[in-house]
Amino acid sequence: MVQLNLDNRSLAQTYDVLSDNQFENGIKLIELLDVKPGDSVLDIGCGTGRLGFHVLEKIGPTGRFVGIDPLQERVRIANEKNRHANALFGTGVGEDLSFLESSSVDVVYLSAVFHWIIDKEAALRDIFRILKPDGRVGITTGAKELAHVACFRKVTDRVLQRPPYNGAVNLDDYATARHGVTSTQLVQLLLGAGFSVQSFEIRKNTRKYQSGSDIVDFLESSTFGNYLNHVPEKLRGRARRDIEAEFEATRGPDGIPFTGYTVFAVAEKLPEK
Ligand SMILES: C[S@@+](CC[C@H](N)C(=O)[O-])C[C@H]1O[C@@H](n2cnc3c(N)ncnc32)[C@H](O)[C@@H]1O
């Protein structure tokens, strides 16, 4: 299960500093969505607001921006940084957009968030409702069918398959594994909600980290404490150290490579005929 009560100020601050990967993917997503000056935009799962501030530069003072996230500490950091009168950051979840009027938003995006949404049908239904005709939704997420070849799972699983973790840990119990979707399921969900899929691609990302501990910090903060939550508490500290060492063992000449595969999907609410 995804737990939203494990986050704290330190995890939120770490994410703000270590989330370059999501931020760069988010910038590509915003390009694909063709966000323009004056647009009305909803950022679902805005986190600490890094991508939101980039979007605010794009939409300018005539645009309207709302960012929601269930984690209070992340929303607090976004509000501490916010200098834009046309931006609103607040707590909320993608499954309930009842605070927004129907056909009122040009662009909705979920950057590295869709795999956390529990009721994906409900979220997409509400996103469809609030979008204007011709409005777009953009999603970046992991492709579940590729999780086992991405470093996150490949290296972590290698450790958790060894004693003393094997038998004590179910590898299917990662919070993201429970709620992630395959790329085909994502297309099906978008079509099922009434969207027309405009573009869909899977990109490979490789980022170099300075240390195994930086990678584990990144994984803890981007999962708001859920990363090793499926490991029994008495083994968690040891698992963390073993995973750090396992990443260190993959060090190359210019750092530790961390490869993942990200789905970029853009879909449109076509006007009714
Ligand atoms: C990896 S962070 C991504 C943050 C930001 N969008 C970015 O690109 O850096 C995932 C975010 O999803 C949020 N989240 C989790 N469940 C959610 C839900 N049901 N609705 C909206 N956001 C959710 C988390 O609180 C967290 O801030």
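Predicted model only: the values in this text are computed from it and were never measured. All ligand and atom numbering here is 1-based and tracks the order in the structure.
Around the CD atom of Gln72, the shell of radius 6.0 Å holds no more than 12 heavy atoms that belong to other residues, nucleotides or ligands. Shown here is Lys144, whose NZ atom has more than 12 heavy atoms of other residues, nucleotides or ligands within 6.0 Å. Atom CD of Gln210 has 12 or fewer heavy atoms from other residues, nucleotides or ligands within 6.0 Å.
At distances below 3.5 Å, not a single donor-acceptor pair connects side-chain atoms of Arg251 with backbone N or O atoms of Gly212.
When ring centroids are compared, Phe53 and Phe89 come within the 6.0 Å threshold.
Considering all non-hydrogen atoms of both residues, Glu73 and Ala12 come closest at CB-CB, 4.0 Å.
Summarising the contacts of atom 6 (N) of ligand 1 with Gly47, Cys46, Gly45, Gly26, the nearest heavy atom is found in Gly45. Between the choices Phe224, Tyr15, Trp116, the shortest heavy-atom distance to atom 24 (C) of ligand 1 belongs to Phe224.
Below 4.0 Å from some heavy atom of Ile117 lie the following atoms of ligand 1, by number and element: 18 (C), 19 (N), 20 (N). For ligand 1, the atoms sitting less than 4.0 Å from at least one non-hydrogen atom of Ile44 are 21 (C), numbered in the order shown with element in parentheses. Heavy-atom proximity to Ser222, at under 4.0 Å, picks out these atoms of ligand 1: 1 (C). For ligand 1 and Ala112, the ligand atoms under 4.0 Å from any heavy atom of the residue are 1 (C), 2 (S), 3 (C), 10 (C). Within the listing of ligand 1, atoms 14 (N), 15 (C), 16 (N), 17 (C), 21 (C), 22 (N), 23 (C), 25 (O) sit less than 4.0 angstrom from a heavy atom of Pro70. Below 4.0 Å from some heavy atom of Ser111 lie the following atoms of ligand 1, by number and element: 3 (C), 5 (C), 6 (N), 7 (C), 8 (O).
At a 4.0 Å heavy-atom cut-off, ligand 1 touches Asp69 through the side chain alone. Residue contacts with ligand 1, taken as heavy atom pairs separated by less than 4.0 Å, do not involve Ser19 at all. Under 4.0 angstrom from ligand 1, there are no non-hydrogen atoms of Arg50.
Remark: minimum distance from atom 19 (N) of ligand 1 to any protein heavy atom is reached at Glu95 OE1, 3.0 Å. In this structure, the protein non-hydrogen atom closest to atom 21 (C) of ligand 1 is Gly94 N, 3.5 Å. Counting protein heavy atoms only, atom 12 (O) of ligand 1 is closest to Val113 CG2, 3.6 Å.
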Kindly determine whether Asp242 and Arg158 satisfy salt bridge (charged side-chain N to carboxylate O under 4.0 Å, His left out), including the steps that lead there. CA-CA 10 Å; Asp242 287 349; Arg158 217 152 57 210; over 6 Å; no

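Classification of Arg125 and Asp119 as a salt-bridged pair fails, no side-chain N sitting under 4.0 Å from a carboxylate O. With respect to Arg136 and Glu268, no salt bridge is recorded, no charged nitrogen being found less than 4.0 Å from a carboxylate O.
Distances between N or O atoms of Gln22 and those of ligand 1 include no value under 3.5 Å.
Below 30°, between 30° and 60°, or above 60°: for Tyr109 and Phe65 the angle between ring planes is between 30° and 60°, a tilted geometry.
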